[in-house]
Amino acid sequence: MFNQRIKIKQLLSATPTGTEVVVMGWVRTFRNNQFIALNDGSTNANIQIVASLGEFEDVILKRITTGASLKIIGTVVESLGKGQSVEVKAKTIEILGDSDAEKFPLQPKKHSLEFLREKAHLRFRTNTFGSVFRLRHALAFAVHQFYNERGFVYLHTPIITSSDAEGAGEMFRVTTLPLEGAPKNEQGEIDYTQDFFGKGTNLTVSGQLEGELGAMAFSEIYTFGPTFRAENSNTTRHLAEFWMIEPEMAFYDIEDNMNLAEEFIKYLINYALKNNADDIDFLDARLAEEEKLLPTEKRSGFGLREKLELVVNNNFERITYTEAIDILLNSNHYKKKKFQYEVKWGIDLQSEHERYLVEQHFKKPVIVTGYPAAIKAFYMRMNDGCAPGKETVAAMDILAPGIGEIVGGSQREERLDKLEARMNAMHIPLEDMSWYLDTRRFGTVPHAGFGLGFERMIQFVTGMTNIRDVIPFARTPKNCEY
RNA sequence: UCCUCCUUAGCUCAGUUGGUUAGAGCACAUCACUGUUAAUGAUGGGGUCCUCCGUUCAAGUCGGAGAGGGGGAGCCA
């Protein structure tokens, strides 16, 4: 058997001195021709391997270079040095894979995130990305645990869809038809009846509509999968391929929905704080270093851990859209004409408005409800008793400091007549959506749901400012490497 | 897509009013040293100054176009 090794995380936490161990990993640094800092990705901490002088051949020592992979057999001993409590005194050193020191791009020094983004296949071997992607894993696991504990069914909604009414953005076309000389129908349009599915298909922009079908049988479901948007968005918080969690619950109104979303976000953060304390502390320290380089007015004034604990230990602020507009209109910021965009009832809140509410006014996550119907999707439930011209829907957005919108959700319109009226008004063909409308025809119930952008959640927990740094291989406009 | 900034050694960057052979730190190689903590010391190699066009006696430096990247905006999660 080849693999009888001990992982470095376990070795450092619970192995008595005197134990003989097998350790494998990649060389981070090799100091003084004697001390190897070895890392296996289980933790950012390295194990120091001691290759005592004179015990190993020069030809072996020469091959211990940054990035090389090693198999070490040795004994755990108390360290004579100061940087670590234990180290491994090597008996044998086997080079598993060489790494040409002249060509290996990662050096034992600080690299820019932009440079590492271009080396996405190797950046996992850095401390920063080690912490980020261990946290990504932990959060994904916590998502399933949270919903499983509450009896939700994990529903796999399709990635290829023929529905183009999801209404969430530009879609990627899926086809087997040739780009050149695609078959045309009598009207001269591309003849999708000859395509693989016999109709035009796209990559999904949301699993919500299918999720609702599941909720109408299992009561509570969630989806967690990749989602695709062909928007030409070049920002630090948009990806063309991203992961989204979309719970959908029967017998929930908008308030139940908000409660679940808040509980969910806090659960994820708590899970990370508890299970990945080392990674959060590492990123916290890293962020503190970055902050020092910023001018005073641009500093957040919060440490990462401090920010996360603040979120977990306080209730999210809950306000209506109308109250949000009033707060903005009464702000000094508005009176000094510092908003670039107009503020009045009916506008969609701009980034600057959301930032003001979250970062200046409340200084914590904010849930905004009751948006104007005119700026929201067809499936959101019309609020009763609105003044004419001021119709609102039971929508809710959760805004997070530094990220902006992290959750978007609503109570869904369960009343068939109202839903059809809304779809007609928005020119959505009812016949294409009869499968969706069936849920309202046969045993409709009040229900609600939301979508949480997984990468934005990871951004919030890791403090990484660019979304491209929290997904292993980012897909963005003009960029699809690997 | 719009606004804005950037592109010089493997990395991070400096480069004067346009001037002759383009620099530093780190990395890398060789040697020395040996309980180091991104080891240290000495020596050395390493450049399509993003690309193209233009202005000029002369362009890393000035102008135009293009490509790539960062930040911001819109769209949203």
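Worth saying up front: this structure is predicted, and the values here are computed from it rather than measured. Within every chain, numbering begins at 1; the chains are lettered A, B, ... in the order of the sequence lines, protein sequences first and strands thereafter.
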So for [X] and [N], does any side-chain atom that can act as donor or acceptor lie under 3.5 Å from a complementary atom in the base?
{"X": "A:Q107", "N": "B:rG10", "value": "yes"}
{"X": "A:S233", "N": "B:rC76", "value": "no"}
{"X": "A:N234", "N": "B:rU1", "value": "yes"}
{"X": "A:Q84", "N": "B:rU36", "value": "yes"}
{"X": "A:E114", "N": "B:rG68", "value": "no"}
{"X": "A:H238", "N": "B:rC76", "value": "yes"}

In whole Å, what separates the [atom1] atom of [N] from that of [M]?
{"N": "B:rA32", "M": "B:rA22", "atom1": "C1'", "value": "32 Å"}
{"N": "B:rC57", "M": "B:rC49", "atom1": "C1'", "value": "22 Å"}
{"N": "B:rA42", "M": "B:rG25", "atom1": "P", "value": "10 Å"}
{"N": "B:rC28", "M": "B:rG10", "atom1": "P", "value": "15 Å"}
{"N": "B:rU4", "M": "B:rA65", "atom1": "P", "value": "12 Å"}
{"N": "B:rC11", "M": "B:rU51", "atom1": "P", "value": "15 Å"}
{"N": "B:rU61", "M": "B:rU55", "atom1": "P", "value": "15 Å"}
{"N": "B:rA58", "M": "B:rU43", "atom1": "C1'", "value": "36 Å"}

Mark yes or no: [X] above the aromatic ring of [Y], with NZ or CZ under 6.0 Å from the six-membered ring centre and no more than 45 degrees from the axis.
{"X": "A:K376", "Y": "A:Y371", "answer": "yes"}
{"X": "A:R422", "Y": "A:F378", "answer": "no"}
{"X": "A:R150", "Y": "A:Y267", "answer": "yes"}

Could you please name the partner base of [N], counting Watson-Crick and G-U wobble pairs only when both distances are under 3.5 Å?
{"N": "B:rA73", "answer": "B:rU1"}
{"N": "B:rA27", "answer": "none"}
{"N": "B:rU37", "answer": "none"}
{"N": "B:rG54", "answer": "B:rC62"}
{"N": "B:rA14", "answer": "none"}
{"N": "B:rU7", "answer": "B:rA67"}

In whole Å, I'd like the distance from the [atom1] atom of [X] to the [atom2] atom of [N].
{"X": "A:K103", "N": "B:rC11", "atom1": "NZ", "atom2": "P", "value": "15 Å"}
{"X": "A:K478", "N": "B:rG70", "atom1": "NZ", "atom2": "C1'", "value": "17 Å"}
{"X": "A:I36", "N": "B:rG35", "atom1": "CD1", "atom2": "C1'", "value": "14 Å"}
{"X": "A:I64", "N": "B:rC28", "atom1": "CD1", "atom2": "C1'", "value": "17 Å"}

Q: On the 0 to 90° scale, with breaks at 30° and 60°, tag the A:F124-A:F133 ring pair as parallel, tilted or perpendicular.
A: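 Because their plane-to-plane angle is over 60°, the rings of A:F124 and A:F133 count as perpendicular.
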Check whether any side-chain nitrogen or oxygen of [X] sits under 4.0 Å from OP1 or OP2 of [N], and answer yes or no.
{"X": "A:R31", "N": "B:rA39", "result": "yes"}
{"X": "A:R237", "N": "B:rC75", "result": "no"}
{"X": "A:R468", "N": "B:rG70", "result": "yes"}
{"X": "A:T66", "N": "B:rA27", "result": "no"}
{"X": "A:N232", "N": "B:rU1", "result": "yes"}

**Q.** A:I325: which of A:I319, A:T320, A:I347 passes side chain to side chain contact (heavy atoms under 4.5 Å, CB included)
**A.**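 Single side chain to side chain contact (heavy atoms under 4.5 Å, CB included) partner of A:I325 among A:I319, A:T320, A:I347: A:I347.
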Q | NZ/NE/NH1/NH2 to OD/OE distance under 4.0 Å, A:K363 and A:E359 | A | no
Q.
Closer than 3.5 angstrom, by distance alone: can the side chain of A:E413 be matched with the main-chain N or O of A:R381 as a donor-acceptor pair?
A.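 Not at all, since once roles are kept as given, no pair shorter than 3.5 Å links the two residues.
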Q) Between A:S410 (side chain) and A:R412 (backbone), is there a donor-acceptor pair under 3.5 Å? A) no
Q) For RNA chain B, which residues in residues 137-146 of chain A have a heavy atom at a distance below 4.0 Å? A)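 Within residues 137-146 of chain A, no residue comes under 4.0 Å of RNA chain B.
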Q. 5'-most contact on RNA chain B: A:F115 or A:T236, nearest heavy atom basis?
A. A:F115
Q. Which atom pair, heavy atoms only, marks the closest approach of A:A68 to A:R63?
A. CB-O, 3.8 Å
Q. Nearest to the side chain of A:K109 - B:rU37, B:rG71, B:rC11?
A.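 Shortest atom-to-atom distance from the side chain points to B:rC11.
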**Q.** A:Y341 side chain to A:H353 side chain, donor-acceptor N/O pair below 3.5 angstrom
**A.** no
